[in-house]
Amino acid sequence: MEYDFKSIEQKWQSWWAENKTFQAKEDPSRKKFYVLDMFPYPSGAGLHVGHPLGYIASDIFSRYKRLQGYNVLHPMGYDSFGLPAEQYAIQTGQHPEVTTTRNIARYRSQLDRIGFSYDWDREVRTCDPAYYKWTQWAFLEMFDSWYDPDADKARPIRELVARLETTGYGDVTPERWNAASEKEKSDLLMRWRIAYQGETAVNWCPQLGTVLANDEVKDGLSVRGGYPVEQKKMTQWQLRVSAYAERLLAGLDKLDWTDSLKEMQRNWIGKSEGTELEFLCGEQQLPVTVFTTRVDTIYGVTFMVLAPESALVDALTVPAQRAAVDEYLTYVKKKTERERIAETKTVTGVFTGSYGTNPVTGEKIPIWISEYVLAGYGTGAIMAVPAHDSRDYAFAKKFNLPIVPIIEGCDVSEESFDAKEGKMCNSGFLNGLEVKVAIETAKDYVEAKGLGRRKTNYRLRDAIFSRQRYWGEPFPVYYKDGIPTALPLEKLPLTLPEISEFKPAENGEPPLARAKDWTYEGWPLEKSTMPGFAGSSAYYLRYMDPHNDNALVSREADEYWRSVDLYIGGTEHATGHLIYSRFWNKFLFDRGYVCEDEPFRKLINQGMIQGRSSFVYRVVGTNTFVSAGLKDGYQTTEIHVDISLVRNDRLDLAGFKAWRPEFADADFILEDGEYICGWAVEKMSKSMYNVVNPDDICDTYGADTLRLYEMFLGPLEQSKPWDTKGIDGVHRFLKRFWRFFYDGDTCLVSDGEPTREELKALHKLIGKEQEDIEAFSFNTTVSAFMIAANELGALKCNKRAILEPMVILLSPFAPHICEELWHRLGHETSVADASFPEYVESYTVEDSCTYAVSFNGKTRFTVDLPKSLDKDGVEAAVRPLDQTAKYVGDQTIVKVIVVPGKIVNIVLK
RNA sequence: GCGCGGGUGGCGAAAUGGUAGACGCGCUAGUUUCAGGAGCUAGUGGGGUAAAACCUGUGUGAGUUCGACUCUCAUCCCGCGCACCA
């Protein structure tokens with residue numbers, strides 16, 4: 001019987017499901033390993049061949065760990081709340097739940113065909129009330145907590161209330177607190193709660209009708225849909241992520257993530273250490289605080305700049321400048337975020353008419369307003385040092401403000417000197433100091449004189465947590481006398497009400513305003529819902545204990561599974577999900593609900609798989625198509641052609657004619673009797689006719705081939721184009737592998753003793769597979785299988801003692817064929833429960849000098865050498881021996897290069 | 001501007017400082033099969049040769065080294081991230 005992947009794959013997929021082969025159970029007697037994929041958002045388009053790349057890698061790793069004896073948790077679920085389903089609902093009137101359920105079913109059937117070892121009993125869906133009960137619970141816990149900077153962790157809000165009542169906290173005295181009304185108390189507590197309501201500038205997207213978080217906006221456009229976003233002041237629910245900035249930053253050091261991803265998070269958190277200084281400004285001598293990282297340049301300050309949104313603008317504008325300032329503010333306000341970004345090179349600004357006093361020099365300097373100063377960062381006001389800051393420089397040049405260099409010998413006639421190097425001059429007590437020293441000296445000076453203080457700023461903002469949307473978790477909050485009040489825990493989950501239409505209500509309120517009786521005990525419930533990242537922030541915890549109705553995760557389950565050992569997913573979540581999850585987890589850790597403060601110990605980012613589009617070239621004005629190699633002789637238009645009509649860049653002419661009516665009578669100019677298509681690497685999308693569906697690959701080649709091929713394509717972390725033409729290679733390998741066992745219906749497997757050569761081939765593979773899988777180098781592992789097959793094929797080896805371990809080795813990559821062969825070899829239990837073959841190094845040691853070998857690290861040989869060594873050629877006997885490097889005379893051999901028969905080179909130390 | 005990755009055959013790619021291009025695709029030749037497809041054998045960086053020999057070759061230039069795709073410096077290009085962040 002030939003390798004019949006179709007029946008094999010179906011058979012074992014059902015068998016695994018029936019036998020619950022991959023069900024994970026807590027078992028304290030066994031070592032655990034938790035392998036997690038970033039769960040997908042089930043979109044209407046279904047999976048293309050790029051989506052499963054990471055899933056295949058994690059599945060291989062899971063199965064590998066299981067063979068190594070670990071108790072593996074490998075779950076899957078769906079991130080099923082979110083904008084696209086709701087946009088679709090608005091357009092079609094279909095309930096998002098309906099489309100979401102349908103999309104999930106499609107995803108599931110696509111995933112099932114690939115033969116993943118998921119424990120589907122642990123599936124979670126973020127839109128399931130039994131799941132989002134715990135999202136709402138976590139929100140209430142955050143609402144019920146404050147960040148205690150002394151303990152450096154979140155604590156119950158009642159502890160803060162107790163302090164406010166007795167000793168006061170911050171600028172709130174006990175007298176003020178105790179005299180405050182309920183409403184005032186609520187407002188005050190919002191200043192400290194982890195989940196709080198507050199007014200800030202938000203990213204408002206009119207087309208989507210909702211606010212968005214910073215990571216949901218890119219280049220002034222919404223990430224979902226690409227609609228323009230504008231800044232707007234609104235009162236919103238927010239999460240105090242900024243309180244965790246330092247811990248989120250410090251925690252990175254302990255994580256086994258790639259440097260680039262850590263760097264992205266560091267950039268996003270944006271720590272900057274500097275100084276805050278007070279300048280007395282205007283007639284009223286208003287103290288204005290500025291933030292700077294370069295106090296050393298204080299003698300070079302020639303003006304100040306306020307952000308247009310700064311609260312001080314009004315007070316510092318003198319009557320004579322009022323009209324000009326108003327005009328400028330109107331101009332700024334009119335601009336969308338996108339225009340602002342596009343025009344960053346244009347320098348704009350206006351003079352307030354006021355002057356401030358440099359606290360160190362006493363000098364009077366003009367105060368300007370400009371949009372290059374951001375209200376949201378630092379204090380929204382800066383001291384400008386045009387000589388040593390390029391933005392200040394551009395501004396000074398434009399408005400003819402003085403530029404005073406304060407570093408010896410620098411030339412500021414053409415551009416500013418931003419580097420932190422050189423010796424200070426024109427700077428009073430700082431003169432002669434190196435810049436780096438001067439920064440510290442100036443900081444000390446300013447603090448000692450009481451002019452300012454050291455201050456650390458972060459770019460990381462609190463997360464805006466409300467969305468004016470329907471398809472998300474409702475906030476478990478109602479407004480009692482206008483005071484935001486937590487719903488009692490026993491009322492959770494607060495389920496989404498049915499509504500008839502998904503558009504915002506006529507009065508501009510969120511869609512939930514359309515719900516009948518959206519109240520609790522007669523009080524109105526919150527009408528916005530939570531954002532997409534809410535449900536994905538703790539899903540990895542829920543997998544540990546998905547059916548628990550009393551807790552997000554039980555203590556036992558949490559203490560057993562602890563945290564994710566390996567997390568695989570795309571890099572697009574670097575500054576969104578991966579920040580929020582870490583924040584969320586740290587919060588739960590602070591409050592004692594989980595035992596690890598970091599959720600994902602190791603993280604791998606799989607690359608994207610791009611499409612490979614094919615083109616035909618139509619000669620302009622005709623219905624004649626010219627082959628790619630000849631197109632230069634004609635004037636042509638490039639037309640995307642469906643890649644299913646193309647094989648190895650050769651066009652299926654009949655298929656092409658049948659594809660579209662207008663091509664039915666197409667003519668072709670061929671080269672060597674064939675039409676060669678052009679190609680390009682582009683994103684996979686329907687409009688480019690380059691989408692490859694994994695189902696189709698499973699139909700023609702089988703899931704095992706798909707799995708092997710996706711791994712073989714190249715390094716996991718690298719982005720690469722999908723090119724179906726290489727797939728035959730791995731498919732051939734599987735067919736060859738099958739033929740080691742069967743020739744037609746004849747079983748070839750014999751019981752003989754393996755030879756040393758055969759054992760060598762096997763153990764080379766075992767060693768390579770262990771090494772490569774641990775290093776996530778799956779493409780070279782697949783190569784190693786092929787090499788082993790070549791070697792064993794040349795040896796005509798059909799011995800059980802070799803083939804049986806081969807089946808185990810291959811099973812993480814190609815589980816179906818291996819399961820089939822495993823059972824045919826007489827086993828009754830799954831190959832997934834076998835043990836990984838033990839590696840014996842001595843089998844792989846070379847016993848002839850066929851290859852170059854070295855003595856450094858892995859020792860393969862010792863060499864008998866004469867005591868006197870001649871660089872140009874040494875006669876020596878080389879003996880195979882797996883021992884460590886020996887001495888030659890009193891010198892250590894560091895390396896010896898050997899080619900057949902002679903020593904090429906010797907290195908001594 | 002700052003930061004992080006990368007540049008190796010026609011293509012995807014391998015190479016602890018030690019025979020560069022493993023493995024696969026594609027291509028070429030041979031062979032097998034009624035055929036479709038597939039299988040098997042050999043070859044395949046470039047130049048050179050009847051075949052060898054030989055010369056050359058990992059973006060570019062320098063350096064360290066007996067020896068560099070690999071390490072260091074400079075430079076050019078590509079990808080990604082962050083960015084009027086003071």
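Please read these numbers as outputs of a predicted model, since none were measured by experiment.
Atom C1' of G24(B) sits at a distance of 38 Å from the matching atom of C73(B), rounded to the whole Å. G67(B) and A14(B) have their P atoms separated by 29 Å, with the value rounded to a whole Å. Straight-line distance between the C1' atoms of G12(B) and A62(B): roughly 33 Å, to the nearest whole Å. Nucleotides C23(B) and A13(B) have their C1' atoms positioned 8 Å apart, rounded to a whole Å. The P atoms of G10(B) and G45(B) are separated by 10 Å, rounded to the nearest whole Å. Distance noted for atom P between C11(B) and U64(B): 34 Å (whole Å). Between A15(B) and G21(B), the two C1' atoms lie 9 Å apart (nearest whole Å). Here, C69(B) and G7(B) have their P atoms 14 Å apart, quoted to the whole Å.
Remark: P of G12(B) and CG of Asn779(A) are 14 Å apart, rounded to the nearest angstrom. A22(B) atom C1' lies 10 Å from atom NZ of Lys764(A), rounded to whole Å. Rounded to an integer number of Å, the gap from CG of Leu716(A) to C1' of A13(B) is 15 Å. Atom P of nucleotide C40(B) and atom CZ of Phe733(A) are separated by 13 Å, given to the nearest angstrom. Between the P atom of C4(B) and the NZ atom of Lys262(A) lies a distance of 14 Å, rounded to the nearest Å. Here C2(B) presents its P atom at 22 Å from CD1 of Ile269(A), a figure rounded to the nearest Å. When rounded to the nearest whole Å, the span between CG of Asn267(A) and C1' of C4(B) equals 9 Å. In this structure, the CH2 atom of Trp257(A) is 17 Å from the P atom of G5(B), given to the nearest Å.
Using a 4.0 Å heavy-atom distance criterion, Asn790(A) is classed as a sugar-phosphate-only contact. Pro721(A) comes within contact range of no nucleotide atom at all, as no heavy-atom separation falls under 4.0 Å. In this structure, Ser260(A) reaches the sugar-phosphate backbone alone: every heavy-atom distance under 4.0 Å involves primed, P, OP1 or OP2 atoms, never a base. Residue Arg739(A) is classed as a sugar-phosphate contact, given heavy-atom separations below 4.0 Å to backbone atoms only. The residue Leu713(A) sits close only to the backbone: its heavy atoms come under 4.0 Å of sugar-phosphate atoms, none of a base.
For Lys735(A), counting side-chain heavy atoms from C-beta on, the closest listed nucleotide (G39(B), A83(B), G24(B)) is G39(B). Out of C25(B), G81(B), A38(B), the shortest distance to the side chain of Lys725(A) is found at C25(B). For Thr780(A), counting side-chain heavy atoms from C-beta on, the closest listed nucleotide (G81(B), A15(B), A86(B)) is A15(B). Here the nucleotide nearest the side chain of Ile382(A), chosen from C84(B), A86(B), C82(B), is A86(B). Distances were taken from every side-chain heavy atom of Pro715(A) (C-beta onward) to each of A13(B), A86(B), C4(B); the shortest belongs to A13(B).
Side-chain N/O atoms of Arg732(A) include none lying less than 4.0 angstrom from OP1 or OP2 on G24(B). For C80(B), neither phosphate oxygen OP1 nor OP2 lies less than 4.0 angstrom from any side-chain nitrogen or oxygen of Gln718(A). Contact annotation: Arg459(A) reaches the phosphate of A83(B) (side-chain N/O to OP1 or OP2, under 4.0 Å). Applying the 4.0 Å criterion to OP1 and OP2 of A86(B), one finds that Tyr377(A) has a side-chain N or O inside that range.
Where Leu261(A) and Thr348(A) meet RNA chain B, the nucleotide closest to each residue was compared, and Leu261(A) sits on the side nearer the 5' end. Nearest-nucleotide assignment on RNA chain B puts the 5′-proximal partner with Asp259(A), out of Gly714(A) and Asp259(A).
His731(A) has its ring centre less than 6.0 Å from the ring centre of Phe5(A).
Helical stems of RNA chain B (runs of at least 3 Watson-Crick or G-U pairs, donor-acceptor distances under 3.5 Å) are listed by first residue: B:1-7 with B:76-82, B:10-12 with B:23-25, B:26-31 with B:39-44, B:45-47 with B:54-56, B:59-63 with B:71-75.
Other residues, nucleotides and ligands contribute only 12 or fewer heavy atoms inside 6.0 Å of the NZ atom of Lys420(A). The neighbour count for Glu414(A) CD, taken as heavy atoms of other residues, nucleotides or ligands under 6.0 Å away, does not exceed 12.
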Distances under 3.5 Å between nitrogen or oxygen atoms of protein and nucleotides 28-33 of chain B:
none

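With respect to the salt-bridge test (charged N to carboxylate O, under 4.0 angstrom), the residues Lys760(A) and Glu791(A) do not qualify.
A search for side-chain hydrogen bond (donor to acceptor under 3.5 Å, both in side chains) contacts involving Thr456(A) returns nothing, not counting sequence neighbours.
When only modelled atom types and interatomic distance are considered, Asp418(A) and Tyr393(A) share no side-chain donor-acceptor pair under 3.5 Å. Between the side chains of Ser272(A) and Asn457(A), no donor-acceptor pair is found at a separation under 3.5 Å.
In this structure a side-chain-to-backbone donor-acceptor pair under 3.5 Å is present from Asn690(A) to Lys683(A).
Counting heavy atoms from C-beta outward, Val305(A) and Ser370(A) have side chains that approach closer than 4.5 Å. The shortest side-chain heavy-atom distance between Met806(A) and Phe740(A) does not fall under the 4.5 Å cut-off.
Taking the six-membered ring where tryptophan is involved, the planes of His763(A) and Tyr839(A) are tilted, since the angle between them lies from 30° to 60°.
For G9(B), the glycosidic angle deviates from 0 by 90° or less, giving a syn base.
A cation-pi arrangement, defined by a distance under 6.0 Å to the six-membered ring centre and an angle within 45 degrees of its axis, is absent between Arg732(A) and Trp738(A).
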